[in-house]
Structures are given as structure tokens and as C-alpha cells.
Amino acid sequence: MGNSGGSVTTRSVAGLRGLMESAGFTEVEERESPAEGWQVADFAECGRRSLTDLVRAAGAPALLVSYLDSDVGFVEAAAPGSGAWQAVLNRATAEEYGIPLEHFPVERAVREATAWAVAAGLSPDEERALRALTGSAVFAEEIASLLLAALGVPEGS
């Protein structure tokens with residue numbers, strides 16, 4: 001059985017676990033930081049406004065991926081003072097599940113994802129982001145890692 005929870009990647013903030021729990025995330029477990037200045041935490045479930053509430057409370061950009069049995073990833077990201085965006089990962093598999101892909105237009109997602117990355121102080125690669133948002137893999141977590149790298153989130157050493 002695959003992952004049906006999710007993860008949040010955010011600029012480092014003090015008390016991330018508490019902020020996430022206050023924003024409606026459950027069973028929060030912080031992971032090893034991918035790179036200095038960034039944090040990752042896994043969660044079991046979250047509410048509809050959890051990411052927005054987390055970004056507001058933390059004052060930091062964040063990207064959330066919720067997984068459907070590791071087959072599909074639902075991405076939502078936001079940054080202070082800018083709008084949120086969303087995307088779906090593993091589109092062919094999402095279509096097999098009956099997920100309406102028209103709710104997740106690729107071109108808009110690429111545009112908004114790269115704008116989010118710039119607002120987060122990163123250096124995104126638009127072409128790599130497009131490949132991640134249209135790519136497929138056995139596990140959606142693999143595509144999520146490719147997307148984070150495409151957006152410029154530093155990888156650990």
C-alpha cells in the first residue's frame with residue numbers, strides 16, 4: 001500500500017510542527033531538512049485551508065503535496081503576499097482514477113509554480129517544471145522530488 005498522507009516543504013520556521021497542527025494538519029512528523037533554510041514535514045491529513053493558514057502563521061512560502069496511495073500527487077503552494085496555485089502529479093494515473101484534469105491546466109500550473117518559486121527567493125527552471133508536471137512515474141513522490149528540484153528548492157548534500 002502506498003502513501004496516502006502528504007508532505008509540506010517550507011522555508012525554515014521555528015515551531016513548524018506546532019504551526020502545522022494549529023493549521024489543521026494531523027500526525028505531523030518533521031523529516032531531516034533537505035538543505036539549510038528549508039524544512040520538510042509529513043502529515044496524515046489536512047483541512048481545506050490548512051496550507052493557507054500555515055503560510056499566514058509562519059510567514060513563509062510552503063508547498064504541500066497530498067498523495068492518493070502514492071499513485072497521484074495533489075500539489076498546492078502559497079507564499080506570503082501572493083496567490084496559491086495547484087497542480088496534479090502523475091496525470092495519466094490521475095485520469096485513470098477519474099480525476100478531472102481540466103481542473104489542473106498544465107500551462108497555468110507551470111506559470112504559477114515558477115512565480116511562486118521566484119517569490120520564495122528560488123531560481124526555477126520552467127522547462128524542468130513542465131517535465132515534472134507532465135511526467136509519470138510508478139510513485140508520485142518521485143515526481144514531487146523532481147518538481148521541487150525544478151522549482152529550485154535546494155537538495156541536501
Side-chain angles (χ1 to χ4, degrees), residues 1-12 16 20 23-25 31-35 37-56 58 60-156:
M1 182 173 222
N3 184 1
S4 290
S7 65
V8 170
T9 302
T10 184
R11 284 275 186 197
S12 294
L16 177 61
M20 287 181 68
F25 293 89
R31 278 199 267 153
E32 186 176 331
S33 174
W38 288 87
Q39 290 173 275
V40 177
D42 295 324
F43 61 89
E45 295 181 1
C46 65
R48 182 162 242 205
R49 295 197 39 83
S50 292
L51 180 72
T52 303
D53 292 345
L54 174 63
V55 168
R56 186 179 306 115
L63 185 142
L64 171 152
V65 184
S66 296
Y67 297 102
L68 176 60
D69 200 24
S70 288
D71 293 333
V72 177
F74 297 95
V75 180
E76 183 182 353
S82 68
W85 62 273
Q86 58 185 2
V88 67
L89 303 177
N90 234 2
R91 294 178 72 83
T93 305
E95 190 170 39
E96 290 172 14
Y97 273 96
I99 295 167
L101 296 181
E102 65 272 10
H103 293 188
F104 302 97
V106 173
E107 296 79 19
R108 184 172 76 199
V110 170
R111 186 175 59 250
E112 292 174 348
T114 54
W116 172 86
V118 169
L122 301 170
S123 299
D125 181 324
E126 190 173 322
E127 186 59 37
R128 285 177 64 199
L130 175 63
R131 284 197 307 266
L133 291 170
T134 57
S136 63
V138 173
F139 300 108
E141 291 87 347
E142 295 173 36
I143 302 172
S145 294
L146 294 174
L147 177 62
L148 287 167
L151 296 178
V153 175
E155 297 181 50

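Scope of the values below: all heavy atoms of this structure, side chains included, with no hydrogens, waters or symmetry mates. Computed from a predicted model, the values in this text were never measured in an experiment.
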> Do side-chain atoms of S12 reach the backbone of W38 as a donor and acceptor pair under 3.5 angstrom?
Replying inline: yes

> side chain to side chain contact (heavy atoms under 4.5 Å, CB included) between W85 and T114: does it pass, once the steps are laid out?
Replying inline: CA-CA 10 Å; W85 62 273; T114 54; over 6 Å; no

> side chain to side chain contact (heavy atoms under 4.5 Å, CB included) between L147 and L151: does it pass, once the steps are laid out?
Replying inline: CA-CA 6 Å; L147 177 62; L151 296 178; 4.0 Å; yes

>> Could you check whether any side-chain heavy atom of L68 comes within less than 4.5 Å of a side-chain heavy atom of I99, counting everything from C-beta outward?
In response: yes

> Taking C-beta and beyond as the side chain, do S7 and L64 meet within less than 4.5 Å on heavy atoms?
Replying inline: no

> Taking side chain as C-beta onward, heavy atoms only, is N90 less than 4.5 Å from V88?
Replying inline: no

> Can any side-chain N or O of D42 pair as donor or acceptor with the backbone N or O of G5 at less than 3.5 Å?
Replying inline: no

> Using a distance-only test with no angle check, is there a side-chain donor-acceptor pair under 3.5 angstrom linking E141 and S70?
Replying inline: yes

> Given W116 and L122, is the side chain to side chain contact (heavy atoms under 4.5 Å, CB included) satisfied, shown in steps?
Replying inline: CA-CA 9 Å; W116 172 86; L122 301 170; 4.2 Å; yes

>> Give me the atom names and distance for the closest heavy-atom approach of L101 to A94.
In response: CD2-CB, 3.9 Å

> Quick one: does S123's side chain have a donor or acceptor within less than 3.5 Å of a partner on G152's backbone?
Replying inline: no

> For the atom pair CG (L51) and CZ (R56), what is the distance rounded to the nearest 0.5 Å?
Replying inline: 10.5 Å

> Would you say the side chain of L133 lies within less than 4.5 Å of the side chain of R91, judging by non-hydrogen atoms?
Replying inline: no

>> For the backbone of L146 and the side chain of R128, can you confirm whether one donor and one acceptor N or O come within less than 3.5 Å of each other?
In response: no

> Does the side chain of Q86 reach to within under 4.5 Å of the side chain of F74, using non-hydrogen atoms?
Replying inline: no

